[in-house]
Structure formats: C-alpha cells, structure tokens
Amino acid sequence: MDHQLVVYNTLSRKKENFEPINSPFVGMYVCGPTVYGDGHLGHARPAITFDIIFRYLQFLDYKVRYVRNITDVGHLENDADEGEDKISKKARLDQLEPMEIAQYYSDRYHENMDQLNCLKPSIEPRASGHIIEQIEMIKKIIEVGLGYEVDGSVYFDVIKYSKTHEYGKLSGRVLEDLLSNTRDLDGQSEKRNPTDFALWKKAQPEHIMRWPSPWSDGFPGWHLECSAMSTKYLGEQFDIHGGGMDLLFPHHECEIAQSTACNGKESVKYWLHNNMITINGQKMGKSLGNFITLSDFFSGENKLLEQAYSPMTIRFFILQAHYRSTLDFSNEALQSAEKGLKRLMTAMDTIVNLKSSETSTSNIKELEKKCYDAMNDDFNSPILIAHLFEGVRIINSVNDGKESITAEDLTLLKKLFNDFAISILGLKNESLKNNNDLPDKLMEVILNLRQTAKTNKDYATSDKIRDELKNINIVIKDTKDGAVWSEEN
RNA sequence: GGUUUCUUGGCCGAGCGGCUAGGCACCGGUCUGCAAAACCGUCUACUCCGGUUCGAAUCCGGAAGAAACCUCCA
C-alpha cells in the first residue's frame, strides 16, 4: 500500500510530502526535558505527539532512529553573568549534588513516560555526557569566524552570520526588528549585540556545574547540546526535528545558526512543533506556576483536580486534539475524555465475541482507508479517533443484531482497531481484565460470598463454590484466619 | 511595541469553497427486576462588518477579543 504522508513544516509554514533523505531510514530529534522538576501536563504533549509520530513512521515500515535528549546541564536562569542555573539552584536549596537532582528527575520523567505508554526513544543522550562534542563544535564555529571569545565566554555572532544566512527564517523574525525590539539588556552583557547568544559560559566561583574547556572552566550555552547531539547521532542532515512551539525562538533558531555555521548546510528537513496546553486560556508552564504535574493527575491530589485521571485518559485527551492546536485543560474535558476512552475500550472487548454473517452492512475497507488518510494528513489523531468511533458504532450495532458483518470484514475491523488504537495511538486497556491483580480480586469476592453462605449455615452453597472451583483446579482451604486459595495442577 | 497565530453549538474539538465531523452533556424513545451499558432519534454553531463567488465556517479587506514568542519554559 502506498500512503503519501504529509507533514506540516514550520520552516515553510506549509504541509509538505514526507520524503526521508535516506529512505527507509528516518532520523528524528526531539527536545526533551530539563530535569529539575516533576514533569507536568505540558511535558506530556510533545512526548505523546512525537510518540505517535514515531509509532506511525515505524508502522509505515520506516526504520526510525528517534533521539530525545535529557538536559542535565543547567541553563542559566537569566542572561546576566551572575545568573545561576536551574539545576544548581535546586541542588543548593536541597543540599544535593546537581547530578542527584538530574538523576532523580530523569527517573521520575521516565516513570511518567512509561505510564503514558510512550515508547522509549532509540537514544536518549544527556547534555553532560557530550561536553566534548559541544566544545569541538564551538571550536569549529570560532574557526569559521562566527564565534568570538570574551573573558572565557564564547558567543555566536548573529550579525555576521546574518550577512550570509537568513537568521530568523524559522520563527519569521527579522534581525533589525529583533535588534530594535530587544527588551532591556540587563546591563553588563559581554555580547557584541543583544541578539548574540552564548556558546560557552565561564563559570562564576559559586557555580557548581562546570567543565574544563580551552576558554575557561564553565559550561556550554543552552542551545548547543541539541546541535551537537543531533549531529552526533543523526548526522549533519536529518529528517525531523521536533519540540514545543515555545522552543521555536530562540532555541531552534539558534540551533539552525550553529549547525549551519558548523556544517556549512541546513541540517533539518522538517521542523515539527506541537502547540501548548493551556489552563484557563493561558499556557501551562513552569515559570507561570500554573502547571499540574503528571503524578498529580494520576493520583488526583491537586486542588484544581476534581478526581484522579489515569495515564490513558491523559493520553486520549491529548490525542483528541490535533498536535498543532492549543488544548485547554479542564476537569470537564478530561472527564469526557475518560468516558470516550472507556466507550472505545469497551467496544474493543465486544469485538472479540462478535459473530459474523453472510453480509456486511458497513464498508470496513473504506473505514480503514479513512483512518490512513487521517494519519497521513499531518498525523490528524482527532480525525482518526472520530473514525474509530464510527467503528465503535458498527461493533455495537452488530452486537445488538441490528447490523451484520462478514467474517472477512470482522477480521479487518479487528486489525483496524489493533493497528490504529493500540499500535499507532498507543492506547491500552486499563480495565481490570488486563490487570494482573484480577484473579486475587475475583477470588476475594468469591470467598466473601462463600463466607456469607457459611455464616448463614447455607452449606449447600458454600460447598458448591468449593467443589466448582476444584473443578477448575482452584483449591480452597479453610484455616483459622479464614479461607485461602491456591492453584493445583 | 514587534512577530506569529487563533476566535466553531452547553463543554472539548475537527474542518483548507458546495457533502451529518467526532466525543462528552442534555432531551425523547427501544431494551431492562433495579442499575449500568448498548441502540435509534432530536436539539443547540461557525466573534462582528464589508467584499469575491452561482455558492464561504472555509478566500480577501476591516473591526473587536484572546494567546504564544520577543527572558528560562514542552
């Protein structure tokens, strides 16, 4: 089957046919978290967005190398020289080694990602493990004359770069505007121009995270790691670079400048950006302090939450909106997502026992095509989900005997749900049926019923329960502390 | 202030010039010991004002409102 996938490229602001540089191989780099705090709902968005992109590309038989970094080198909180970085600050406050902070929060992040059923990236490089690569990159940039050193720090010369390249092409910014519109310069910058950005920063005495370099003991600038690590693992040119829209400027713009300066050519073919999750119409973010952590969602322990929401509810909620649209958080929206997901999952249980007939009242082939079309149109998961609900309607109608389906169509329908709901959208049934605790929980109910019967001296019933369980090799033994059960072979 | 984007029914959320998006909620019905589920049906839309067009939620112009980025943020 030949499916033309179309993706929206931020660089061209258009949908483009997806054609890998070196098919069937696809390289995808996504900006990961800075690990100095618990992951919140906003972090789930890119993770899930690029998870379904990863899943779908693999489903289309591409060989995908998916790289998502962990930023464990603290970025400066502000551009002033005496700025402290986020990880160091947290470490100082908690009296821990910065790497303890980074380790703790990356573990938490991974746990959340597993809960959300996000596949692990192929490579998850850490910035701190690639200091050498970053230093080499700075050397190259200085070599080509686009980096300059001032007192142990190295900056990228944006003005000079823009003479031969278009700085601002990704975010649609014009350098002159940037220069005239930059906010207050916070004084004492060593930079030649306010638009220049740091490649290497000399560490102040109190700065704990530091590495040696030809220029000073310090740390790499905050855009450099992505350029260095994407080049290392995906090559000088690769297919997809993803991340949140808030990273568009300056982060990704600077990445382009660095990589281009270094490699002499554009490195990324398709730039993909997910939109923000909002709360009361405003972006949910760390700096605004209006975020709700993923763990809070799963436990329900947050003032803003009326109840707990399972990881799959969160996943489904996010997938019900297109990744390039903002998505507004509310309890009402999450509750309807929860119900919708349940309906979908119930139908997937129903389909297993569905009976086929001579004829079909629905066109499953066409439904399948619509599902492919939805995903091929820039990963339109909400449309895909709408089509899956059409499938749900069919399943329920057939189950009710109001519609019919042939054996062939039934097989196709099962495959459709398996492919699109499970493999591509990465949904999974969280119901008890797929829960390992189920036997224990069921036996508890049965043993309680039997105990009630015994208390009522209804020994016929209590014996019947014991005998019938014995028939399926479950043995009940009455002990002083109550009944226990075990499996006999 | 600059750049970019958005404004759809009770809520969420698709839509890219003509065809019911979908989910949740509501209402009516079928089914039902009760409850739930399921099924059928119904009802609420395209911020406003102009224009292009046989025809616009969809294209163009204007107005109002909102957001993101311009500083770390997914």
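Letters A, B, ... are given to chains in the order of the sequence lines, protein chains preceding strands, and every chain is numbered from 1.
Within 4.0 Å (heavy atoms only), T49(A) reaches no atom of the nucleic acid at all. Residue contacts shown for K15(A) include a base, since a base heavy atom lies under 4.0 Å away. Note on M245(A): nothing from the nucleic acid sits closer than 4.0 angstrom, heavy atoms only. At a threshold of 4.0 angstrom between heavy atoms, the contacts of Q335(A) with the nucleic acid are absent. The residue G172(A) sits close only to the backbone: its heavy atoms come under 4.0 Å of sugar-phosphate atoms, none of a base. Nucleic acid contact class of L247(A) (heavy atoms, under 4.0 Å, all strands): sugar-phosphate only. Here N380(A) lies in heavy-atom contact (under 4.0 Å) with sugar-phosphate atoms only. Counting any heavy atom pair closer than 4.0 Å across all strands shown, L344(A) reaches no nucleic acid atom.
Taking atom C1' on both nucleotides, A21(B) is separated from C12(B) by 14 Å, rounded to a whole Å. Rounded to whole Å, the separation between the C1' atoms of C40(B) and C31(B) comes to 11 Å. Rounded to a whole angstrom, the distance from the P atom of G29(B) to that of C34(B) is 15 Å. A gap of 31 Å separates the C1' atoms of U53(B) and A66(B), to the nearest Å. Spacing between C19(B) and G55(B) at atom C1', rounded to whole Å, works out to 13 Å. On the C1' atoms, G61(B) is 37 Å away from C73(B), given to the nearest whole Å. The gap from the C1' atom of G62(B) to that of C24(B) amounts to 37 Å, rounded to the nearest Å. Between C54(B) and G22(B), the two C1' atoms lie 31 Å apart (nearest whole Å).
Here the nucleotide nearest the side chain of S397(A), chosen from C39(B), A74(B), G13(B), is C39(B). The side chain of M284(A) lies closest to A74(B), out of A38(B), A74(B), C12(B). Checking A21(B), C73(B), C12(B) against every side-chain atom of A386(A), the shortest atom distance belongs to A21(B). Of the candidate nucleotides G13(B), A21(B), G23(B), A21(B) has the atom lying nearest to any side-chain atom of I383(A). Listed nucleotides A38(B), A14(B), U71(B) differ in distance to W222(A); the shortest reach to its side chain belongs to U71(B). Here C73(B) is the nucleotide among C73(B), G22(B), C39(B) with the atom lying nearest to any side-chain atom of D246(A). Listed candidates were G13(B), A38(B), A74(B). Nearest to the side chain of P382(A) is G13(B). Distance from the side chain of A321(A) is smallest for A14(B) among the nucleotides G23(B), C39(B), A14(B).
Spacing between atom CG of L248(A) and atom C1' of C73(B) amounts to 13 Å, rounded to whole angstrom units. Per the geometry, OH belonging to Y309(A) stands 14 Å off P belonging to C12(B), to the nearest Å. Atom pair N399(A):CG and U30(B):P shows a separation of 21 Å (rounding to whole Å applied). E390(A) places its CD atom 11 Å from the P atom of C39(B), with the value rounded to the nearest Å. Distance CG (L388(A)) to P (A14(B)): 16 Å, rounded to an integer number of Å. For E332(A) and G10(B), the CD to C1' distance is 8 Å, given to the nearest whole Å.
Heavy-atom distances to RNA chain B give each of H387(A) and N275(A) a nearest nucleotide, and the one nearer the 5′ end belongs to H387(A). Comparing E403(A) and K339(A) by the nucleotide of RNA chain B that holds the closest heavy atom to each, the one mapping nearer the 5' end is K339(A).
Between T326(A) and U5(B) there is no side-chain N or O to OP1 or OP2 distance below 4.0 Å. Residue R393(A) places no side-chain N or O under 4.0 Å from the OP1 or OP2 atom of G22(B). Distances shown here put every side-chain N or O of N274(A) at or beyond 4.0 Å from the OP1 or OP2 atom of A74(B). An OP1 or OP2 oxygen of A38(B) is reached within less than 4.0 angstrom by a side-chain nitrogen or oxygen of R343(A).
For the pair R65(A) and Y233(A), the NZ or CZ position fails the cation-pi test of under 6.0 Å to the six-membered ring centre and within 45 degrees of the ring normal. In this structure, R173(A) forms a cation-pi arrangement with F249(A), its terminal cationic atom sitting closer than 6.0 Å to the ring centre and no more than 45° off the ring axis.
Across all strands shown, G18(B) is found opposite C54(B) as a Watson-Crick or G-U wobble partner, with both distances under 3.5 Å. A66(B): Watson-Crick or G-U partner is U5(B), with both key distances under 3.5 Å. Taking a pair to require two hydrogen-bonding distances under 3.5 Å in either a Watson-Crick or a G-U wobble arrangement, G61(B) pairs with C49(B). Pair check for G28(B) finds C40(B); Watson-Crick or G-U wobble, both atom distances under 3.5 Å.
Contact annotation: side chain of K402(A) to base of C40(B), donor-acceptor pair absent below 3.5 Å.
Contact between E225(A) and T71(A) at its shortest, heavy atoms only, is OE1-OG1, 2.9 Å. Annotation for K283(A) and D246(A): closest pair NZ-OD2, 3.3 Å, computed over non-hydrogen atoms.
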Practice task
Walk me through it: do E97(A) and Q103(A) pass the test side chain to side chain donor-acceptor pair (under 3.5 Å)?
Solution key: CA-CA 10 Å; E97(A) 184 67 27; Q103(A) 185 68 51; over 6 Å; no
Practice task
Evaluate side chain to side chain donor-acceptor pair (under 3.5 Å) for N331(A) paired with Y309(A), printing each intermediate quantity in order.
Solution key: CA-CA 9 Å; N331(A) 279 283; Y309(A) 300 97; 2.6 Å; yes
Practice task
Would you please test N275(A) and T326(A) for side chain to side chain donor-acceptor pair (under 3.5 Å) and show each step?
Solution key: CA-CA 5 Å; N275(A) 214 316; T326(A) 55; 5.4 Å; no
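For the salt bridge (charged side-chain N to carboxylate O under 4.0 Å, His left out) test with D151(A), the passing option among K202(A), K191(A), K201(A) is K202(A); the others fail.
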